[in-house]
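Comments concern the structure below.
These figures come from a predicted structure and were not determined experimentally. Numbering of ligands and ligand atoms starts at 1, following listing order.
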Amino acid sequence: MGRRKLGPGICVHCLEEVEERNSDHVFPESWYPDSTPPNLEKWQVPSCIPCNSDYGRMERDLLIKLGLCLDPYDPASASIADKALRSLRPSAGHNRHDAEHRRRKGQSILKQALVGDQIPDHGIFPGLGDRWPDISGERSAILVPKKHFERITEKIVRGIIYVEDGRLVQQPYKIEFFVFADDATNPWMAAFDRCGKVYAREPGIVVRRVVAEDDGLTSLFEVKFWRQFKTYASVTADGDADTLSADG
Ligand SMILES: [Zn+2]
């Protein structure tokens, strides 16, 4: 899978001016489910090589952990859930070395997993909770660093602003990450429903955005992954996202 080489310029992620860039998928290429229409145009942005590799590593790891929590029967996530399982199955290995790599990765995820009473009531990501009726003692939970949800959300926000508006998110603007328990208690929901722009690459990702008219950059973002869970972010110059959701 060769990445498209681009010349010198600014990296959309770290904002550094660099000599060499390549093209990075805003929604990681391997995260598009098999049910994605074949000629869908995928969002791509110019990235420096270190950012691209760094995100690539995180995205591969995160995809496996999320894949283990996704619905294996929903067409939006079936191939992702399957891919996650296969990547941990030695018998799916292409050779002995690959089989061993898969076995180790599976063991490391199992070692970190929580089972039964170890699973706390709090901290379960909304939309990624229990998928089946509770079978006592057989519940298990995968640990996913919160930082990874933050990083992938920030990347998608930067990427969409670049693709849609040709703009970079630079000082004094900053991106903050949010999670809401559900739509009913989410204070931003009315604003999204009333005036959210929609950027979709279905069924993998649907993004809604409320954007301020005066600067065209201050925004609220809702990112929905595989129709199953959502993350949120604000882009503000003064850290005050409430003006956008309250007015209008
Ligand atoms: Zn960079």
Run the salt-bridge test on E59 and K155 with the 4.0 Å N-O cut-off and return the result as yes or no. yes
Residues that D71 engages under side chain to side chain contact (heavy atoms under 4.5 Å, CB included), provided they are two or more places apart: Y73, D74, S77, R131, Q228
Within a strict 2.8 Å cut-off of the Zn ion (ligand 1), protein N/O/S atoms tallied 4
Using a strict threshold of under 4.0 Å (side-chain N to carboxylate O), is an ion pair present between R103 and E100? yes
W43 ring center near Y199 ring center (under 6.0 Å): no
Only counting residues at least two apart or in another chain, list the ones meeting side chain to side chain contact (heavy atoms under 4.5 Å, CB included) with N95. H97, D98
How would you list, by chain and number, every residue that makes a side chain to side chain contact (heavy atoms under 4.5 Å, CB included) with V169, sequence neighbours excluded? R158, I161, Y173, I175, V235
